[in-house]
Amino acid sequence: MNAPLNPKFPFLLHGGDYNPDQWRHVPGVLDEDFRLFPLAGINSVSVGIFSWTALEPAEGRYEFGWLDEVMDRCAERGMAVVLATPSGARPAWMAQKYPEVLRMNWPESIPPVRNLWSGRHNHCPTSPVYREKVRQIDEALAARYGKHPALAFWHLSNEYSGECRCPLCMAAFRDWLRKKYGTLDELNHAWWSGFWAHTYTDWDQIERIDPCLDGLVLDWKRWVSHQTADFVRAEVAAIRKHSADAPITTNLMAHYDGLDYAPIAREIDFVSWDCYPQYHERPGELEPLAAKFGFSHDYMRSLKPGKPFLLMESCPGPTNWYHHNRLLRPGQHRLKSIQAVAHGSDSVQYFQIRKGRGGAEKFHGAVIDHEGTEKTRMFREVAQVGRDLQALRPVLGSLVPARVGIVFDRESDWAIKAAAGPCDAVKQHSFDTAIRHYRPYWKRGIPVDVLDGDSPLDGYDLVVAPCLFMLRDGFAERVERFVEKGGTFVATWLTGVVGPTGLCFRGGFPGPLRKVLGVWAEETDYLYDDERNSIECADGNALGLRGSFGTDTVCEVVHAEGSQVAATYGSAFYAGTPALTVNRFGKGEAWYLATCGDDAFLDAFHGALAARRGLRRALDADLPEGVCANVRENDAGDRFVFVTNFASEPRTVDLGPAPRKNLLDGAVLSGSVVLPPFGVLALADPV
Ligand code: GLA
Ligand code: ZN
């Protein structure tokens, strides 16, 4: 059996953000919470996330009594505490005494301005004073609770995000640049800074992030990620001084584009993330949304290969921050919770357990509502998930056996956003494009990992790199080795355009991938929103694709250089030129989509590729629309298949002839089974 993330707590966690420090003045609440926890099947709480002032009301004066009580009560009941460091929000006394802990924004044309103390996530990641204050409180927490029997995991800070442009940060950025480039000449070449007379002749001239140099913008974003990772490293070191064992994580956000999470993931023991899907959307929008959040789970999980992740936050009810905070339909809470487990989570955690009476989140969903009892509908739905997670205990520690890797590279996403052109319409779409290529696998129940341009490719049968605008150094060589050895690689338009500092490749696109793909992309036609070309499949193409499909709004005009043409364009002056090619290279093949095609094309194309590679599906059956199947396996050979119905109507699924046990209710199932709207199954091996 694979080891759980913390073997001392061998169960799937069910709980979430819990703020008893905000209720200390209200007698009886703590007792009531601990009465309600078992009724909701809650076995874990995440505490201390925003508790700095409660823990250190004045500089150097600590008050741990309230936390001792929570920790001890949890220990008595065998509950798991996820203990946070409070660095996500700092006390007023600190900002008053040491203004440098606050962030400075540096908007265009005005001198640097220091933020006032307000909100949260408002700290400078470089400030030595802030780092020292964080070290002190982290060490104090670790010294006091590092060996506490209830301590399961450390939760560093909260959703690290944002940036600071104070003089300390700018100086640290310049130091980082000096280390990276050595000389200003190197830096000037890398950024093409002769443009608009931007050549730097002194390091101190680098004082603002000028958007006309996208190389500078890219390096700034890398530095923000680097500095955040460095801050994380400092928090880890403070904790590890007194707490040797409990694994450390921080809660990430899949949809946040301000950080490259790879350097941060390297500093922590496992990944956790905060997931807020709106499954109360209209029918018809549910399936794309489900695929989007399926992708997001896979993206987060893949940051730490070979480990489960934790769903650190999700909402037991409506949030308070979507434009429409619709109610979750009955069953949807269970559905999204099981979806996370199906994609590799060993927990279902919430923001939040008890709804606060005031502050900015008093209308955000919670397990315990203002009404205060177990009588609410959401409480009952949470309790159902509690029972489910107990029944799913055999799944603990198991992994997702993906043979497909989809490349979504945050640096490449930044590079396309930072570049002026080539077309505004493609700026915001890297994430959505990756999901469009993911969805055909998701629909078929084929597990996928999400990679970046630095990830190892060994172990995959198929790697799909949609619109990989920026190539990291060495990526093309790794693709060549992967294909030579028998891998299948797919690239698309807008791939291999720039290198890591945004400089366009010379010698024809897709740059260093030109050889393995056997194409030269000469020109690109960006169509109007309502305009389309067509993809005409060539007779006898290797995938057996037939007929005609629509393009999307981008059509590259490409030349096959030794590759075979599998489809051509139907109209425009480039009618008859390649829209899809395949290049045999060593033992493998490399496909190039000069246009991504419409959804029908992508489904046909990836479906045929999956069949050609013989990729194993979670269920050996075609799934009806809105139904997804996922698989987790452990090294004892157990195979768990999750079937989730995102449609608001019943769906019939063929489970095949072998009887299997639904862990959620013990029923033994085979053959054709009807799933109710938002129904879920968790099948264990044949009984
Ligand atoms: C984030 C934060 C939480 C809370 C929730 C509300 O995920 O981490 O503190 O603000 O959003 O949805
Ligand atoms: Zn700063």
Side-chain angles (χ1 to χ4, degrees), residues 15-19 21-22 45-52 82 84-90 95 98-106 112-115 119-131 133-134 155-176 207-209 220 223-224 226-228 230-231 249-256 259 272-278 293 296 300 310-323 325 328 336 340 349-356 358-367:
D17 286 30
Y18 178 52
N19 303 305
D21 44 315
Q22 292 174 20
V45 288
S46 311
V47 281
I49 299 169
F50 296 110
S51 303
W52 201 333
V82 180
T85 67
S87 62
R90 65 233 40 79
Y98 310 104
E100 75 158 60
V101 303
L102 296 175
R103 251 170 224 183
M104 267 172 132
N105 289 327
W106 202 333
V113 188
R114 176 91 54 199
N115 290 353
R120 57 177 174 176
H121 304 158
N122 181 15
H123 66 266
C124 167
T126 308
S127 154
V129 172
Y130 194 55
R131 286 189 173 220
K133 289 288 153 203
V134 170
H155 174 303
L156 299 184
S157 203
N158 188 72
E159 296 186 340
Y160 290 107
S161 51
E163 51 189 57
C164 173
R165 299 185 187 190
C166 76
L168 293 170
C169 283
M170 294 312 292
F173 176 48
R174 286 190 288 267
D175 281 349
W176 181 86
E207 43 174 27
R208 67 168 300 241
I209 313 306
W220 168 255
W223 177 80
V224 171
H226 158 88
Q227 195 70 347
T228 306
D230 191 65
F231 192 93
T249 190
T250 184
N251 51 339
L252 308 178
M253 302 174 276
H255 308 148
Y256 178 65
L259 290 171
S272 63
W273 85 285
D274 303 341
C275 175
Y276 290 92
Q278 258 198 316
F293 280 91
S296 307
M300 293 289 97
L310 293 189
L311 175 65
M312 191 57 90
E313 292 179 21
S314 63
C315 193
T319 66
N320 65 334
W321 48 264
Y322 273 117
H323 186 58
N325 293 301
L328 288 170
K336 70 180 167 59
Q349 314 266 88
Y350 307 119
F351 182 87
Q352 49 191 331
I353 291 189
R354 179 181 276 278
K355 209 176 260 193
E361 296 184 317
K362 68 184 179 203
F363 295 124
H364 191 285
V367 177

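Bear in mind the structure is a predicted one, so any value in this text is a computation, not a measurement. First listed ligand is number 1; within each ligand, the first listed atom is number 1.
- Excluding waters, the protein N/O/S atoms found under 2.8 Å from the Zn ion (ligand 2) are Cys124 SG, Cys164 SG, Cys166 SG, Cys169 SG.
- Using bins of under 30°, 30° to 60° and over 60° for the plane-to-plane angle, the ring pair Phe293/Trp273 lands in the parallel bin.
- Proximity of a side-chain donor or acceptor of Ser314 to a complementary backbone N or O of Gln349 within less than 3.5 Å is detected.
- Residues satisfying the salt bridge (Lys or Arg N to Asp or Glu O under 4.0 Å) criterion with Arg174, sequence neighbours excluded, are Asp204.
- Side-chain contact annotation: Asn320 with Asn325, donor-acceptor N/O pair under 3.5 Å absent.
- Residue-level contacts of ligand 1 at the 4.0 Å heavy-atom threshold are Phe50, Arg120, Asn158, Glu159, Asn251, Asp274, Tyr276, Glu313, Trp321, Phe351, Glu361, His364.
- Ionic pairing of Arg131 and Asp230 is present here: one or more N-O contacts between side-chain nitrogen and carboxylate oxygen are shorter than 4.0 angstrom.
- With hydrogens and angles left out, the side-chain atoms of Glu313 and Asn251 include a donor and acceptor closer than 3.5 Å.
- Side-chain polar atoms of Arg90 and Tyr130 form a donor-acceptor pair below 3.5 angstrom.
- Aromatic ring centroids of Tyr160 and His121 lie 6.0 Å or more apart.
- Remark: Asp274 pairs with no residue by the salt bridge (Lys or Arg N to Asp or Glu O under 4.0 Å) rule, at least two apart or across chains.
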